Visitor: 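My structure is below; once you've seen it, I'll send some questions.
Residue numbering restarts at 1 for every chain, and letters A, B, ... go by the order of the sequence lines. Treat the numbers as computed from the prediction; the structure is a model and nothing was measured.
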Amino acid sequence: MTDSTVRRVVFSVLGVLILVVMLFPVYWMVNASLQPSGNTLTAGLLPLDPSFSGYRRALDEQGGNLVTSLIIATGTVVLSLLIATPCAYALSQFRSRWVSIGLLAILISQMIPGIVIANALYTAYERIGLLNSIPGLILANCSSGIPFAILILRSFMLSLPPSLVEAARVDGAGLVRAFVAIVLPISKNSLITAGLFGFLFSWSDFLFALTLTTKGGARPVTLGIYQYLGTQVQNWNAVMATAVLSAIPAVVLLIVAQKYIAAGAVGGAVK
Amino acid sequence: MADGTLTRTAVRRWPRAAGRGRRGEELTKILFVLPAAVAMVALFGYPVVKNLLMSLQDYGLRTFFTGEAPFVGLANYTAMVKDQLFSQAMVNTGLFTIGSIAFQFAIGLGLALFFRRRFPLSGFLRSMLLLPWLLPLIVSSATWRSILEQDNGILNRTLIGAGLLDDPVPWLNSPSVALIAVIGVNVWIGIPFNVTLLYSGLTEIPDELYEAGQLDGATGWSAFVHITWPNLRAVASVVLMLGVVYTIKVLDIILGLTGGGPANATQTLATQSYERSFVDFKFGEGAALSNLLIALSFLFAIFYLRGTRRAVDE
């Protein structure tokens, strides 16, 4: 009895140690962001004399880019969910030989590298004037948001009992009304999961930002960080402060929406 | 009584629904799928076809002014293979992919087995472990770059302080070390994903199997070989395939950490494809390289599908 208690405590301590090692870089990012400006690489283990000059500079130089990222990520979530949700419902409830074809297409799409999409979109955007624009980046980011949302939502909607919708249909509701009034409300949690991940994907996007913006206009914060890194870095505290600000959505999601995150990671990949 | 109401309303309303006609309903069904189908064609179908075409064209900077992109057969592919960097990029891509997958899977499996034991905080610690995977890759790159900095980075300072090193290691500035450093960072990023998926696979193995195994004397390593691994194989193969498909196209981490340098030591097919298209504006050659990436991904996917089919047949 006491023996197993000791073992449990030992495992807890080991677990904490593993977490400390794995999350050390994240801690270091925060620590370095709080060092006074100048060469923050010589930072001590603790920010004993915290300075917010890095954050002031980050907000000055990258504040606009953070807002751009926010707009792009929100737009991607809205557009992805609008497009993916009805399709996920169809793939989970309609019986048709097209269902397996659709799923196969989604599976294959996951193997297409982003650079292929960027190559083609660049030439197309150039012609229709979507380069350096927020709508252009929203559309490009939907390439990860839509398939992922379809997979997540479908794996949830597969578990909906057909009788639920049938009852409404029998009452005279059309397909669309049954979908909006019954399916959507029940699917709230999986919609949140898909939305959170869609937000995170496009917030983190770097490839499309790098390739589809060549000047001014739409500059997400990931590109801002990359430009900080481009030359010899002079002010690590500003770079790290921007990094911390860019990490906020991930941290918030992890703390506020823990159960959705694990569900999303597993659901999107395996099911 | 509830049944009675249902039947009554059904009888009353059914004619109306039926009157709307089957064809209207088929049309609605199509409308459910249409936006997604259009999006998938525009965001995946079009790029794949466009890339195939571009790889056969002299598609360069001039094209954007003249609109002309003459077909040149396989010239882009021969140029790709003849490029001095090609074999190095192939080797680097292989090393990067195999190294990343091997370590993140092994460590991920170890941690998943560890967290499978029941102890206080297990669930909380496991979910916090996901953080490196959720961070934007460029944020991780920036952070690791400061950690790996040669002169004042915390890693070198710690190693020297502990007496493990005499001189600072140029983690990202030495051609012989940079690829290892980049793989290390990618492993760090990939571990959480491996832990989460493998852990969920482990929880689906019924406890009874272990109880029965215990009666037969299967504990510890022998339980792992005879019970855990056979039952985890399907999940493990999904994890490995997703790992390959993802790792083979990684761009953010390499660009953020080394930009492909020093002396091209960390150039991969993906970074080369990016450079050909968006630095040199030779879109034809960039497309040829990225088509090779697609082909390699498919190759692994086919191996995987054949492997899982065999596993199911058994």
Side-chain angles (χ1 to χ4, degrees), chain A residues 8 11-12 15 18-19 22-23 25-26 28-29 32 39 41-42 83-84 86-87 89-90 94 105 109-113 115-117 119-120 126 142-143 146 150 170-172 175-176 200 203-204 206-207 211 222 225-226 229 236 239-240 243 246-247 250 253-254 258 261-262 265-266 269-270, chain B residues 9-10 13 16-17 28-29 32-33 35-36 39-40 43-44 46-48 50-51 64 117 119-121 125 127-131 134-139 142-144 146-147 149 152-154 196-197 200 238 242 245 249 251-252 256 270 273-274 277-278 283 286-287 290 293-294 297-298 301:
Chain A
R8 280 156 52 94
F11 277 117
S12 292
I18 291 170
L19 193 73
M22 277 296 287
L23 294 192
V26 182
W28 194 250
M29 168 175 82
N39 196 353
L41 287 174
T42 52
I83 293 176
C87 177
Y89 177 69
F94 298 172
S109 77
Q110 300 305 293
M111 291 165 201
I112 311 298
I115 189 73
V116 170
I117 300 167
N119 261 343
E126 211 260 343
C142 280
S143 67
I146 291 174
I150 292 178
V170 166
D171 268 357
L175 207 54
V176 176
L200 212 55
W203 177 270
S204 307
F206 168 69
L207 176 64
T211 53
T222 48
I225 294 178
Y226 183 60
L229 293 176
W236 273 109
V239 182
M240 289 297 113
S246 312
L253 292 192
L254 197 61
Q258 251 186 47
I261 298 287
V266 176
V270 187
Chain B
T9 46
R13 303 219 181 159
R16 220 178 69 192
T28 322
K29 282 189 172 181
F32 268 70
V33 187
M40 293 295 282
L43 294 171
F44 293 101
Y46 167 75
V48 168
K50 179 78 179 167
N51 256 263
F64 292 103
R117 296 168 180 271
F119 57 87
L121 290 178
L125 294 174
S127 56
M128 283 303 125
L129 206 60
L130 267 170
L131 190 54
L134 295 174
L135 291 180
L137 291 177
I138 199 74
V139 166
T143 306
W144 276 98
S146 84
I147 292 172
E149 186 86 1
N152 293 308
I154 184 70
T196 306
L197 258 57
S200 90
V238 173
L242 289 172
V245 166
K249 62 185 179 188
L251 198 70
D252 318 39
S273 174
Y274 162 73
S277 289
F278 292 99
F283 278 86
S290 56
L293 273 183
I294 299 181
S297 292
F298 277 143

Visitor: Measure distances from A:Ile117 to the heavy atoms of chain B and classify the residue's part below 4.5 Å as side chain, backbone, both or neither.
Guide: both
Visitor: If you count heavy-atom pairs within less than 4.5 Å of chain B, which of A:Gly15, A:Ala247, A:Ala90 leads?
Guide: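 Among the listed options, the one with the most contacts to chain B is A:Gly15.
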Visitor: Going by heavy atoms in the side chains, are B:Pro120 and A:Ser12 under 4.5 Å from each other?
Guide: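 In short, these two side chains touch, coming nearer than 4.5 Å.
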Visitor: Kindly indicate whether the side chain of A:Pro25, heavy atoms from C-beta on, has any atom under 4.5 Å from the side chain of B:Ile147.
Guide: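 Yes; the side chains approach each other to less than 4.5 Å.
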Visitor: With a 4.5 Å cut-off on side-chain heavy atoms, are B:Leu125 and A:Ile18 touching?
Guide: no
Visitor: Is B:Met40 in contact with chain A via its backbone, its side chain, both, or neither, using a 4.5 Å heavy-atom distance?
Guide: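 Just its side chain gets close to chain A.
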Visitor: Please classify the contact between A:Val116 and chain B as side chain, backbone, both or neither, with a heavy-atom cut-off of under 4.5 Å.
Guide: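 Backbone plus side chain of A:Val116, per the 4.5 Å heavy-atom cut-off to chain B.
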Visitor: Specify which of B:Ser127, B:Ala301, B:Ser297 makes the most heavy-atom pairs with chain A at under 4.5 Å.
Guide: B:Ser127
Visitor: With respect to chain A, which residue among B:Ile138, B:Ile294, B:Val139 yields the maximal number of heavy-atom pairs within a distance under 4.5 Å?
Guide: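 Most heavy-atom pairs within the cutoff with chain A belong to B:Ile138.
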Visitor: Side chain of B:Thr143, backbone of A:Met29: donor and acceptor closer than 3.5 Å?
Guide: no
Visitor: Mind ranking A:Leu207, A:Val26, A:Ile150 by heavy-atom pairs under 4.5 Å with chain B and telling me who comes out on top?
Guide: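 Option with the top pair count is A:Val26.
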Visitor: Quick one: what part of A:Ala84 sits under 4.5 Å from any heavy atom of chain B, side chain, backbone, both or neither?
Guide: neither
Visitor: Find out whether A:Asn119 and B:Lys50 are in side-chain contact, i.e. whether some heavy atom of one side chain is under 4.5 Å from a heavy atom of the other.
Guide: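 No; the side chains remain at least 4.5 Å from each other.
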Visitor: Report which part of B:Asp252 has an atom under 4.5 Å of a heavy atom belonging to chain A: side chain, backbone, both, or neither.
Guide: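 The answer is both parts of B:Asp252.
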Visitor: By a 4.5 Å heavy-atom criterion (distance strictly below it), what part of B:Phe278 contacts chain A: side chain, backbone, both, or neither?
Guide: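 It is the side chain, since no backbone atom gets that close.
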Visitor: Can you tell which of A:Cys142, A:Pro113, A:Ser246, A:Ala243 has the highest number of heavy-atom pairs within less than 4.5 Å of chain B?
Guide: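 Most pairs with chain B among the choices: A:Pro113.
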